[in-house]
Asks: 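Structure incoming, see below.
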Number of protein chains: 2
Amino acid sequence: MDANTPAALNRKLSAFVALSEAELGVLDRLQHRRRRFAAGHDLVQQGQAPKSVYLLTSGWVCSYKVQADGTRQIVDFQVAGDFLGLRSLLLRTSDHSFEPVVDSYAAEVSAGDLLAAFGEAPRLAIAMLWAASRDEAMVVEHLVGVGRRDADARMAHFLLELGSRLALVGLGDGDGYDCPLTQTHLADALGLTAIHVNRTLRRLRERGLMTFRDGRVQFEDRQGLVTLAGFDPAYLDQTGPLLA
Amino acid sequence: MDANTPAALNRKLSAFVALSEAELGVLDRLQHRRRRFAAGHDLVQQGQAPKSVYLLTSGWVCSYKVQADGTRQIVDFQVAGDFLGLRSLLLRTSDHSFEPVVDSYAAEVSAGDLLAAFGEAPRLAIAMLWAASRDEAMVVEHLVGVGRRDADARMAHFLLELGSRLALVGLGDGDGYDCPLTQTHLADALGLTAIHVNRTLRRLRERGLMTFRDGRVQFEDRQGLVTLAGFDPAYLDQTGPLLA
DNA sequence: CGTCGATTTGACTAAGATCAATTTAGGTGG
DNA sequence: CCACCTAAATTGATCTTAGTCAAATCGACG
């Protein structure tokens, strides 16, 4: 799908710790067992206990929880370089489900292989822990948005964060990025209805801040968006860990 | 404050993996450097880079983020047996602040001591990772509540979860528990206003489901609350990990 | 007794949800 | 190539939940 994405994880972790050739080699070998996931077909059911982690190499996946009344909350989106199901390895019951938003490719890594790789390259473990912590910080920021930002700021913040994440793995730049999400995905992520998402996007467009059309997010006034959203990317911290 | 709370962490982890005498000893030795935190005085400022973790032995603390406009979102509450600032050890910038809700006591553990303890008792590391994963699952569930539950269900779910957590460390039981939170705390946690929290508690009381008065949460109709909230404690999983 | 914070209640407003259509764009079969 | 089907996007009208503004009550504490 995109030639440079197999290296997305390398690129992401390298932005954080300088990994040696040997460590990058271990990382590459982990990503041998490739699997394809077709858009719309769920990956893991809520309540199952998986024994593998997936490293997404290309595509988009969302992780979500559904409630008894059928409403769903999307917790996070995963793009190239992101992990799927890391937490589920530790908790006996997987606490949410995964839906590929578009056809996606991921490397399947067994818990055993992962532990072996950590033994071989301990700094890899640190780097992955950093990535996991960063993911958790994003969930926290997501909670802040849903709890304390109005629809416009919430949308702006969400799309800015996504832009930063994608730029880190070489997809898109400061001006915008390609984004296959539907307004329903946005609604389920932001705790809004699809209808309100539509009106929110219209407002942002009419204010000259950004457009989202034909699968493309385009920032027209990035600074204006940042101000509206109160976006402070400190929580995406790319400057390295304390333990290194 | 409460005689049995110093053992809260032991009790919590033991509910999950059977720890040996030796492992429990390592755990106890970690908790020697006690510190007191006075109610209302913040522990760590957003943006600082701490080099220690705290293990709360008694009291209540909340972790939160404040936004530029002054609104705040409480991400989680910590009670006896919970960690403070574990994630901040990995991300260079601490991504939120801590406020002791009441006078609290915590053991300060340096990153070095923690790593040493893991070397001595590797199963302790697994158990603590489990606890960290569980904390993250709680944040996810919190996000689901704020995003997709109305005020009544959100409140009911929150108070039920808190009850389960407290029962695990021996504070309170299935009927209720002592809770020092103000309605403002609840509002900042649930993404509501304090006024609406007040009305929400009144509705729950009038429906005969529960009361919250004079620092005491009392379940009157636990099953009714569980149904209203759609509370499924699977994400609090106490049945053990895959890696053990 | 007076002050301050927390709780409680009422009246009103507003952000976002719900209900109901219509339009648009891809894909499919004939 | 075109009629048809479906999912997504768009818009209007109306309703509901929760927020805002204002004020009274209550309790702890100096």
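Each chain gets a letter, A, B and so on, in the order its sequence line appears, and its residues count up from 1. Hydrogens, waters and symmetry mates are skipped; everything else that's a heavy atom, side chains included, is used.
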Asks: To the nearest 0.5 Å, how far apart are CG in A:L143 and CZ in A:R148?
Replies: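 It is 10.0 Å, given to the nearest 0.5 Å.
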Asks: Got a list of protein N/O to nucleotides 7-16 of chain C N/O distances below 3.5 Å?
Replies:
| from | atom 1 | to | atom 2 | distance (Å) |
| --- | --- | --- | --- | --- |
| C:dT7 | OP2 | B:Q183 | N | 2.9 |
| C:dT8 | OP2 | B:Q183 | NE2 | 2.6 |
| C:dT8 | OP2 | B:N198 | ND2 | 2.7 |
| C:dT8 | O5' | B:N198 | ND2 | 3.2 |
| C:dT9 | OP2 | B:R202 | NE | 3.0 |
| C:dG10 | N7 | B:R199 | NH2 | 2.7 |
| C:dG10 | O6 | B:R199 | NH2 | 3.2 |
| C:dA11 | N6 | B:R199 | NH2 | 3.4 |
| C:dG16 | OP1 | A:A151 | N | 2.9 |

Asks: In chain order, what residues pass the salt bridge (charged side-chain N to carboxylate O under 4.0 Å, His left out) check against A:D135, with sequence neighbours excluded?
Replies: none
Asks: So do A:V217 and A:L162 actually touch side chain to side chain, heavy atoms under 4.5 Å?
Replies: no
Asks: Please find the earliest and latest nucleotides of DNA chain D, in the 5' to 3' direction, that have an atom within less than 4.0 Å of any heavy atom of chain A.
Replies: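 Span of nucleotides near chain A: D:dA9 to D:dA13.
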Asks: May I ask you to decide if B:R205's main-chain N or O and B:T211's side chain share a donor-acceptor pair within less than 3.5 Å?
Replies: no
Asks: Please test B:F98 against B:F37 for ring pair (Phe, Tyr, Trp, His ring centres under 6.0 Å), starting from the C-alpha separation and ending with a verdict.
Replies: CA-CA 10 Å; B:F98 297 98; B:F37 297 106; 9.5 Å; no
Asks: Taking Watson-Crick and G-U wobble pairs with both distances under 3.5 Å, convert DNA chain C into its dot-bracket string, 5' to 3', dots for unpaired and | for cross-strand pairs.
Replies: ||||||||||||||||||||||||||||||
Asks: Could you pull out all residues at least two apart from B:Y235 that satisfy ring pair (Phe, Tyr, Trp, His ring centres under 6.0 Å)?
Replies: none
Asks: Treating A:H142 as the side-chain partner and A:V75 as the backbone partner, does any N or O pair qualify as donor plus acceptor under 3.5 Å?
Replies: yes
Asks: Under the ring-ring contact (aromatic ring centres under 6.0 Å, His included) rule, what pairs show up with a residue in residues 152-172 of chain B, not counting sequence neighbours?
Replies: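 As it turns out, the ring-ring contact (aromatic ring centres under 6.0 Å, His included) pairs with a partner in residues 152-172 of chain B, which skip direct neighbours, are B:F77-B:F158, B:H157-B:F231.
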Asks: Which of these passes side-chain contact (heavy atoms from CB on, under 4.5 Å) with B:V197: B:T182, B:D188, B:L192, B:T184?
Replies: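 Answer after filtering B:T182, B:D188, B:L192, B:T184: B:L192.
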Asks: Going through the checks in order, is the salt bridge (Lys or Arg N to Asp or Glu O under 4.0 Å) test met by B:E141 and A:K65?
Replies: CA-CA 9 Å; B:E141 195 61 38; A:K65 288 191 83 156; 2.4 Å; yes
